[in-house]
Amino acid sequence: MSDDFANGTEIAVKGLNLWYGKNHALHDISINIPKNSVTAFIGPSGCGKSTFLRCLNRMNDLIPGCRIEGDVNINGEDIYSKDVDVVDLRKRVGMVFQKPNPFPMSIHDNIAYGPRIHGIKKKEIDGIVEGALKAGALWGEVSDRMGISALDLSGGQQQRLCIARTLAVKPEVILFDEPCSSLDPISTGKIEDLILKLKKDYTIVIVTHNMQQAARISDYTAFFLLGDLIEFGKTGQIFENPREKATEDYITGRFG
Amino acid sequence: MFSNAKLNEKIAFSLLKIAMGLVVAFVLIILYDIISNGYGVISLEFITSAPRKGMTEGGIHPAIVGTLYLITCSMIVALPLGILAAIYLTEYAHPGKTTWLTEMAISNLAGTPSVVFGLFGLAVFVKYFGFGDSILSASLTLALLILPVIIRASQEALLTVPKEYREASLALGVTKWETIRKVVIPAAIPGIVTGAVLSIGRVAGETAPILLTGAAYFYPKLPGSIYSQFTALPYHLYVLATAGTNIAKTRPIQYGTALVLLMIVLGVNLIAIYIRNHYRKKLQR
């Protein structure tokens with residue numbers, strides 16, 4: 001897993017171990033995630049793929065009893081070093097969750113929430129909101145009703161709103177934690193198209209338990225099993241010519 | 001078997017219906033008794049003038065004002081204190097001995113008889129701090145009395161705010177405090193207001209704590225400041241019904257007083273319910 005990506009490495013993880021109390025949940029994970037591409041994490045439920053994703057923006061800090069060892073470098077910066085501002089890190093590494101989670105506010109205020117708190121001037125906010133909604137492929141559907149509650153949108157629209165909300169903060173990396181697991185196929189298709197568009201400007205990591213989805217949208221795929229990173233490589237290689245027996249078994253549906 | 005289960009269900013439903021009917025009946029009887037007897041006494045004069053002739057005539061204006069003072073002053077103290085304490089306990093406090101002890105203290109405070117609060121207020125606010133028999137002493141005492149109610153309701157409200165909102169906000173690079181301020185508290189307001197409503201009813205209705213900390217047996221004028229003595233509706237009612245010069249003669253006034261007290265509590269509750277629904281609508285739609 002050397003640094004031979006076309007666009008360079010965005011995230012470099014070395015020897016990462018994670019414990020929930022006494023439960024050793026991630027074992028010695030090392031992986032380089034390339035810039036401006038889509039990297040998918042696949043694996044059966046409970047394999048640690050979401051847990052690992054949450055190490056990349058330190059969301060696991062919120063869980064009492066969670067302990068992490070190892071190096072995580074994002075754009076050359078060790079994000080677990082003592083002088084890293086976690087709040088600032090999360091601005092740079094955005095996250096979209098499994099269940100669409102818009103705030104109980106208007107569409108406009110959902111997008112404006114982040115920029116406002118980060119001190120963006122009032123007159124710039126509307127432009128940022130419009131830009132983020134356009135980039136989130138939602139502007140055309142909501143531009144005439146920005147004042148209605150975000151909770152009135154459909155599930156798929158809500159998820160695109162959450163993506164737009166993340167974009168409004170101008171991150172470098174976007175982490176997707178099974179973003180389509182609660183959506184219908186049409187909404188899923190729209191989100192996948194969007195992710196493919198976004199990789200031009202962002203580094204994208206997506207956790208999915210849908211292998212077809214990983215095959216459709218990702219450039220690189222990492223297969224996790226029981227807290228170990230079993231195999232990582234180009235998506236085509238992982239799906240057509242896996243090196244490991246466990247990867248092959250999982251991909252061919254022998255367990256999962 | 002089948003018909004047996006059906007019969008059981010019928011019996012259970014009937015029992016539930018009877019229980020509900022009884023509760024409603026009691027409320028209606030009380031309301032009917034107070035309204036039918038108190039209605040005739042209520043007039044503009046009754047609510048705007050002071051009692052006269054040993055409380056057998058005149059109105060209850062000072063008691064109304066006193067009760068409104070108590071509600072306002074105790075809420076000013078208890079609401080911010082209770083909400084802040086609840087935020088600390090639910091959002092910041094780490095589970096441990098201190099937190100456990102604090103939670104226990106709040107639970108015990110909630111179960112303490114109100115007369116004990118009165119005695120505490122007498123010893124601490126009236127005597128030790130030297131606030132004397134006053135609105136201030138009584139309001140502080142009542143604030144302590146309702147503090148556990150407000151803390152508990154606020155805690156419940158904060159805990160019901162979905163974890164997803166917090167995560168969404170934190171993941172945008174927003175600090176914990178901003179997340180609490182901008183997302184968690186607005187979402188918790190309906191529940192917090194419910195706690196406030198319950199405690200307003202308590203403040204307006206309590207007699208024992210204010211009896212020991214500032215309510216005067218007979219106080220026909222308006223309190224001049226928060227350091228003045230006062231009278232309040234429940235205490236006025238108590239005096240009329242037990243120690244007046246002519247209890248039988250004051251009976252209509254007693255009913256009138258009870259009705260006014262009821263209307264004040266109801267009125268304040270309606271305002272609070274309106275606020276709660278307003279926020280709830282904003283949250284859901």
Side-chain angles (χ1 to χ4, degrees), chain A residues 53-54 56-65 85-106 109-119 132 147-152 158 161-171 173-177 182, chain B residues 83 87-100 102-103 154-194 274-285:
Chain A
L53 190 78
R54 286 164 163 263
L56 304 180
N57 67 343
R58 294 187 57 175
M59 284 305 267
N60 287 325
D61 289 16
L62 306 172
I63 299 168
D85 180 358
V86 182
V87 170
D88 200 54
L89 166 75
R90 295 199 187 120
K91 255 189 258 179
R92 289 168 43 208
V93 184
M95 187 167 217
V96 176
F97 296 83
Q98 191 169 354
K99 208 177 122 205
N101 56 358
F103 299 124
M105 311 170 180
S106 72
D109 289 351
N110 260 280
I111 309 289
Y113 177 82
R116 263 184 199 149
I117 286 184
H118 297 144
I148 69 158
S149 168
L151 304 182
D152 281 347
Q158 287 188 9
L161 181 81
C162 293
I163 296 172
R165 183 176 64 187
T166 303
L167 298 177
V169 183
K170 302 199 182 347
V173 180
I174 308 176
L175 310 173
F176 288 86
D177 189 1
S182 65
Chain B
I83 294 174
I87 292 173
Y88 178 77
L89 283 171
T90 46
E91 309 288 335
Y92 286 99
H94 296 286
K97 249 189 193 149
T98 324
T99 309
W100 180 81
T102 315
E103 297 275 359
S154 305
Q155 275 184 301
E156 294 293 323
L158 292 167
L159 286 174
T160 54
V161 176
K163 184 179 101 225
E164 286 81 9
Y165 291 168
R166 295 165 212 262
E167 283 193 330
S169 175
L170 293 171
L172 290 168
V174 174
T175 57
K176 192 168 177 180
W177 171 240
E178 287 286 338
T179 298
I180 291 170
R181 213 163 64 91
K182 295 274 170 61
V183 176
V184 179
I185 293 179
I189 278 187
I192 293 174
V193 171
T194 307
Y274 174 79
I275 295 173
R276 184 177 66 187
N277 289 349
H278 174 75
Y279 273 97
R280 203 173 267 170
K281 232 184 243 158
K282 240 173 80 177
L283 290 175
Q284 283 169 348
R285 289 281 98 209

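Worth knowing before you read on, the calculation uses all heavy atoms, side chains too, and leaves out hydrogens, waters and symmetry mates. Values in this document were obtained by computation on a predicted structure and should not be read as measured data. We name chains A, B, ... by the order of the sequence lines, and we start the count at 1 in each one.
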Q) Quick one: of Val174(B), Leu170(B), Thr175(B), Leu172(B), who has the most non-hydrogen atom pairs under 4.5 Å with chain A? A) Leu172(B)
[X] versus chain B, heavy atoms under 4.5 Å apart: side chain, backbone, both or neither?
X	value
Leu89(A)	neither
Arg58(A)	neither
Arg54(A)	side chain
Val86(A)	neither
Pro102(A)	backbone

Q: With chain A as the partner chain, list the residues of residues 154-162 of chain B whose heavy atoms fall under 4.5 Å from it, by residue number, and write 'none' if nothing qualifies.
A: none
Q | Proximity of residues 181-192 of chain B to chain A, residues having a non-hydrogen atom under 4.5 angstrom | A | Lys182(B), Val183(B)
Q | Spacing of Phe103(A) atom CZ and Glu164(B) atom CD [to the nearest 0.5 Å] | A | 11.5 Å
Q) Atom CG in Asn101(A), atom NZ in Lys163(B): separation rounded to 0.5 Å? A) 10.5 Å
Q: Please indicate whether Tyr274(B) has more than 12 foreign heavy atoms, meaning atoms of other residues, nucleotides or ligands, lying under 6.0 Å from its OH.
A: no
(Q) Taking NZ in Lys176(B) as the centre, count heavy atoms belonging to other residues, nucleotides or ligands within less than 6.0 Å. Is the count above 12? (A) yes
**Q.** Minimal non-hydrogen separation, Arg165(A) against Ala168(B), with atom names
**A.** NH2-CB, 3.2 Å
**Q.** Carboxylate-amine/guanidinium contact Glu167(B) Arg90(A), below 4.0 Å
**A.** no
Q.
If we define contacts as heavy-atom pairs under 4.5 Å, which of Val169(A), Asn57(A), Leu175(A) has the most with chain B?
A. Val169(A)
